[in-house]
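Order of appearance sets the numbers: ligands from 1, and atoms from 1 within every ligand.
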Amino acid sequence: MLAPLDDLLRDAHVVALPLRNRFRGVDVREVLLVEGPNGWTEFSPFLEYGAAEASAWLRATIDFGWGAGLAPLRERVRVNATLPAVSAGEVPAILRRYPGCRTVKVKVAEPGQTLADDVARVGAAREFVGAEGRVRIDANTNWSVDETLRALDELAPFDLEYVEQPVPSVAELGDLRRRIAESGLGVRVAADESVRKADDPLAVARAGAADLLVIKAQPLGGVARGLDIVRRTGLPAVVSSAIDSSVGLSMGAFLAASIPELPHDCGLGTAAMLTADVTREPLLPTDGAVDVRRVEVDVDLLRRHAAPEERRTWWFERARAAYAHLEEGSAPASA
Ligand SMILES: O=C(O)CCC(=O)C1=CC=C[C@@H](O)[C@@H]1C(=O)O
Ligand SMILES: [Mg+2]
């Protein structure tokens, strides 16, 4: 049962949170926040997403604010550091914002950069975490299978934990996985966009095209739906953020806490990427982990970081269009 839209939007706030470093082309993260009976919840699909895709995010928003919720299996979730496509020299200062984290996820294949830039950045990350640390890379579908194999060969000295969605399609992921096995490169393949942007989030697992899944709470329709995908695929899962405020990160933390086994650290440390947040107690990584807790939004911070009125109007219209999809029941299967 959907909460009435007016209930949803009546006291909603839209804030603009600047990032410390550009990430996925974003310098300022706009999010809509609203308080439901369960506590604060977030609606923050990336700006370029249409109403159909955004409807899965809105389903998550409603569920986290008004839904039944799941009892967490743990109070803390180990998280990785997230490294944007910065120069090797900037790496230590950024990674020091993730105290106690033993895993680093490195953005690679940034448009306009070279493989040499990626090798230098990954090398700096491996140096920072040491031999016991874990290093993973995320190319966000920007490579071909051949480019991925070449990159993995160049990056072999850094002993990668896994490569996240280097190529666009399920078929290419499957082809890459087979060729990695043949080559003896020994790098696992994680699916991300092939889960959260697919009409059928289970297809990549059914195709045997990934060793593990990146699971994001808002894009997949919330905690219960995210857990259902993990259960139905039987694959190891890494719960990762959508560069949300601490409110959306809290949703991700509850999802991570609902999954019985977490063999890889989760991508939920991204409050450290924000120069501002909406709570006096942001969900920042400490001792390599984040709390599984709801966050108390601070009214003064909402006011200080409020987006301009025209942006609030844009977000309200966006929520209405996404809600219309939910009401028509035409939300994508993954929602
Ligand atoms: O997984 C992490 O370490 C942080 C989250 C993260 O990397 C992402 C969040 C949202 C969209 C993408 O830019 C990116 C990803 O592809 O996983
Ligand atoms: Mg990814």
For this session: Quick one: do D146 and R150 satisfy salt bridge (Lys or Arg N to Asp or Glu O under 4.0 Å)? Show the steps, please.
Result: CA-CA 6 Å; D146 287 341; R150 177 157 169 264; over 6 Å; no

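- Note on ligand 1: V214 sits outside its first shell, no heavy atom being nearer than 4.0 Å.
- Nearest protein neighbour of atom 3 (O) of ligand 1, counting heavy atoms only, is T82 OG1, 2.6 Å.
- Under a 4.0 Å criterion applied to the non-hydrogen atoms of D138, ligand 1 contributes the atoms 15 (C), 16 (O), 17 (O).
- Below 4.0 Å from some heavy atom of E164 lie the following atoms of ligand 1, by number and element: 15 (C), 16 (O), 17 (O).
- Using a cutoff of 4.0 Å between basic side-chain nitrogens and carboxylate oxygens, K107 and D138 are not scored as salt-bridged.
- Ion pairing of R20 with E90 is absent here, as no side-chain N (NZ or NE/NH1/NH2) approaches a carboxylate O to less than 4.0 Å.
- When only non-hydrogen protein atoms are considered, atom 1 (O) of ligand 1 lies nearest to S240 OG, 2.7 Å.
- Under the 4.0 angstrom criterion for non-hydrogen atoms, R196 is in contact with ligand 1.
- Figure legend: R134 and Y162 shown without cation-pi pairing, the cationic atom not lying both under 6.0 angstrom from the six-membered ring centre and within 45 degrees of its axis.
- In terms of polar-atom proximity, defined here as any N/O pair under 3.5 Å, T270 makes no such contact with ligand 1.
- Checked by atom type, the side-chain pair K216/S240 shows a donor-acceptor distance below 3.5 Å.
- By the 3.5 Å distance cut-off applied to N or O atoms, D192 is counted among the residues near ligand 1.
- Within D138, OD2 is the N, O or S atom that lies nearest to the Mg ion (ligand 2).
- Listed by atom number, the atoms of ligand 1 under 4.0 Å from S241 heavy atoms are 5 (C), 9 (C), 10 (C).
- If you check each of M273, E193, R136, K216 against atom 14 (C) of ligand 1, the one with the closest non-hydrogen atom is K216.
- Those atoms of ligand 1 that come under 4.0 Å of a heavy atom in G267, given as number and element, are 1 (O), 2 (C), 3 (O), 4 (C).
- No side-chain donor-acceptor contact under 3.5 Å links T103 and E161.
- In the model, R76 has a side-chain atom that pairs as donor or acceptor with a side-chain atom of T286 under 3.5 Å.
- With respect to atom 6 (C) of ligand 1, the closest heavy atom belonging to the protein is K105 NZ, 3.6 Å.
- More than 12 heavy atoms of other residues, nucleotides or ligands shown are found within 6.0 angstrom of CG on D300.
- A cation-pi contact, defined as under 6.0 Å to the ring centre and within 45° of the axis, links R311 to W314.
- Taking the Mg ion (ligand 2) as the corner point, the angle from E164 atom OE2 to D192 atom OD2 is about 100° (rounded to 10 degrees).
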